[in-house]
Amino acid sequence: MNKPEGPLRRGWTTGACATAATKAAYTALLTGAFPDPVGIVLPRGERPGFPLAHATRTTDAATAGIVKDAGDDPDVTHGALVLSTVYHGAPGSGVIFRAGPGVGTVTKPGLPIPPGEPAINPVPREMMRAVVAEVAAAFGGSGDVVVEVSVENGEALAKKTWNPRLGIVGGLSILGTTGVVVPFSCSAWIHSIQRGVDVSRALGLTHVAGCTGSTSEALVRRLYGLDESALLDMGDFAGGLLKYLRRHPLPRLTIAGGFAKMVKLGQGALDLHSGRSQVDLDRLADLLERCGADPAQVAAARTANTAKQVLDNAAGLPLADTVAEAARRTALDVLDGAPVEVEVLVVDRAGHLVGRAG
């Protein structure tokens, strides 16, 4: 496959793979022959070529398959076989999309595709419509087709994604706005956070939670019994959540996370990943001093190995509450007056609530 060059190898989205498979299948339906490799044009003008991994044809339908190559991105769909089966449709029907095995169906409002539809996002749909029109023009077809997209083992893979929480049942989504997967990109995660907010708003939920991980999420579940749709997989991307809520507010937000991550949020960091932000021990020591720590505790905090060590040495002092309040102030600053009530919970590694603000 002809791939863009770079320090980390880029790959192709499921939408790009489904588009190439659709082009190959419709070509075979009209001509009896599958092109291999299959060339398509992506939204930004790239022209990749995809080798076929599957090709079958009957009188009424043709199926082509592309193995997804996500490049160096740790994508759960890397290596998955993306299939498109194309059937002749009724005259004047245009392109009709169906969810085959391993592709989900939308069941909740708030997503780019309405409930009841296959979870094939708008840009991949447009890409597939474009290749259907291209093939129809080249080989005398009507362009009236049914396109059924499948992903081998997609239902099992979907359990490793946000789809169940977003109300997409039965499999994966066919995604992609550019057709290109950028390695280790934050965009896919932030996109899922945004769709989670959209679903919560469409369902009329008034309280959502952004949690840094499973431990903090479990605490929020115990405290509030929130609907699964209200539990947003914020991870390290506090900024992605808060900036979207600034434009698309919900009445109440709980942010829950471990002590070190909330320390970093209190420092103003909006990406809480350890590779992209660090605890400032001097600032943490200053907070400890404000909590009434003695000079020896404060001095020890400035040379501590970890934020947890500082917390462990602050027994009896409201350090975690003070950190929660600092994190809450950062959140409110980012929200910039949006009508969102904010609470911050600090959770220890055992899942206990150790600090709270708001």
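Note: hydrogens, waters and symmetry copies are ignored here, and every other heavy atom, side chains too, is used. We number each residue from 1, following the sequence as shown. In this text, all values refer to a predicted model and were calculated from it rather than measured experimentally.
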Q: Establish whether Val135 and Val38 are linked, either directly or via other cluster members, by ILVMFWY side-chain heavy-atom contacts under 4.5 Å.
A: no

Q. What are the two closest non-hydrogen atoms of Pro35 and Leu52, and how far apart are they?
A. O-CD1, 3.4 Å

Q: Spell out, as yes or no, whether a donor-acceptor pair under 3.5 Å connects the side chain of Thr14 to the backbone of Leu175.
A: yes

Q) Is Arg290 paired with Glu325 through a side-chain N to carboxylate O contact shorter than 4.0 Å? A) no

Q. Hey, are Arg328 and Glu343 close enough for a salt bridge, meaning a charged N less than 4.0 Å from a carboxylate O?
A. no

Q.
Please check this pair: side chain of Gln267 against backbone of Arg283, looking for a donor-acceptor N/O pair closer than 3.5 Å.
A. no

Q) Can you check whether Gln297's main-chain N or O pairs, donor with acceptor, with Asp294's side chain at less than 3.5 Å? A) yes

Q | Point-to-point distance, once rounded to the nearest 0.5 Å, from CG of Leu242 to OG1 of Thr330 | A | 9.0 Å

Q) Between Ser93 (side chain) and Gly89 (backbone), is there a donor-acceptor pair under 3.5 Å? A) no

Q. Hey, are Asp60 and Thr58 close enough side-chain-wise for a donor-acceptor pair under 3.5 Å?
A. no

Q | N/O donor-acceptor pair under 3.5 Å between Arg201 side chain and Pro249 backbone | A | yes

Q. Are Leu317 and Val298 in one and the same hydrophobic cluster, where Ile, Leu, Val, Met, Phe, Trp and Tyr link if side-chain heavy atoms are under 4.5 Å apart?
A. no

Q: Considering non-hydrogen atoms only, spot the tightest contact between Ala357 and Asp321 and give its length.
A: CB-O, 4.4 Å

Q: Would you check if the side chain of Lys264 reaches a backbone N or O of Leu272 as a donor-acceptor pair within less than 3.5 Å?
A: yes

**Q.** Criterion side chain to side chain contact (heavy atoms under 4.5 Å, CB included) on Trp12 and Leu42, from CA distance to verdict
**A.** CA-CA 10 Å; Trp12 312 113; Leu42 299 179; 3.5 Å; yes

Q.
For Ala80 versus Val151, what's the shortest heavy-atom pair and its separation?
A. CB-CG1, 3.9 Å

Q) Is any NZ, NE, NH1 or NH2 atom of the basic residue among Glu117 and Arg125 found under 4.0 Å from an Asp or Glu carboxylate oxygen of the other? A) yes

Q. Tyr87 and Val145: side chain to side chain contact (heavy atoms under 4.5 Å, CB included), yes or no, with the steps?
A. CA-CA 6 Å; Tyr87 308 84; Val145 295; over 6 Å; no

Q | Val220-Val323 co-clustered via ILVMFWY side chain contacts under 4.5 Å | A | no

Q) Nearest 0.5 Å, what's the CG-CG distance between Leu223 and Leu345? A) 6.5 Å

Q. Leu157 and Glu152: which non-hydrogen atoms are nearest, and at how many Å?
A. CD1-O, 4.3 Å

Q. Between the main-chain N or O of Val342 and the side-chain N or O of Arg252, is there a donor-acceptor pair closer than 3.5 Å?
A. no

Q: Taking atom types as modelled, find out whether Thr77 and Lys68 have a side-chain donor-acceptor pair closer than 3.5 angstrom.
A: yes

**Q.** Flag, side chain of Arg165 to backbone of Leu231, donor-acceptor distance under 3.5 Å
**A.** yes

(Q) For Val340 versus Leu250, what's the shortest heavy-atom pair and its separation? (A) CG2-O, 3.3 Å

Q | Lys308/Asp312 salt bridge by N-O under 4.0 Å criterion | A | yes

**Q.** Euclidean distance, Arg98 CZ relative to Ser150 OG, rounded to 0.5 Å
**A.** 11.5 Å

**Q.** Full working for side chain to side chain contact (heavy atoms under 4.5 Å, CB included) between Val208 and Val197
**A.** CA-CA 8 Å; Val208 296; Val197 172; 6.0 Å; no

Q. Can Arg302 and Asp286 be counted as an ion pair, charged N to O under 4.0 angstrom?
A. yes

Q: Taking Ser277 for its side chain and Asp271 for its backbone only, find out whether a donor-acceptor pair lies under 3.5 Å.
A: yes

Q) Can you tell me if Thr212 and Asp236 form a side-chain donor-acceptor pair at under 3.5 Å? A) no

Q | Between CG on residue Leu287 and CG on residue Asp282, distance to nearest 0.5 Å | A | 11.5 Å

Q.
Check this for me, if you would: do Asp336 and Arg246 make a salt bridge, where the nitrogen-to-carboxylate-oxygen distance has to be below 4.0 angstrom?
A. no

Q: Drop me the distance from Ser200's OG to Leu226's CG, to the nearest 0.5 angstrom.
A: 9.5 Å

**Q.** Check: Thr63 main-chain N/O paired with Thr85 side-chain donor or acceptor under 3.5 Å
**A.** no

Q. Hey, any chance Ile120 and Val106 share a hydrophobic cluster, counting ILVMFWY side chains that come within less than 4.5 Å of each other, even indirectly?
A. no

(Q) The test is side chain to side chain contact (heavy atoms under 4.5 Å, CB included); show your working for Tyr244 and Ile193 and say whether it passes. (A) CA-CA 9 Å; Tyr244 197 70; Ile193 292 171; 5.9 Å; no

**Q.** Inter-residue atom distance Leu219.CG - Ser214.OG, 0.5 Å rounding
**A.** 12.0 Å

Q.
For a quick test of reading the model, state the closest non-hydrogen atom pair linking Trp189 to Met234 and the distance between them.
A. NE1-O, 3.5 Å

(Q) Using the rule that Ile, Leu, Val, Met, Phe, Trp and Tyr join whenever any side-chain heavy atoms are under 4.5 Å apart, tell me whether Val147 and Ile113 fall into a single cluster. (A) no

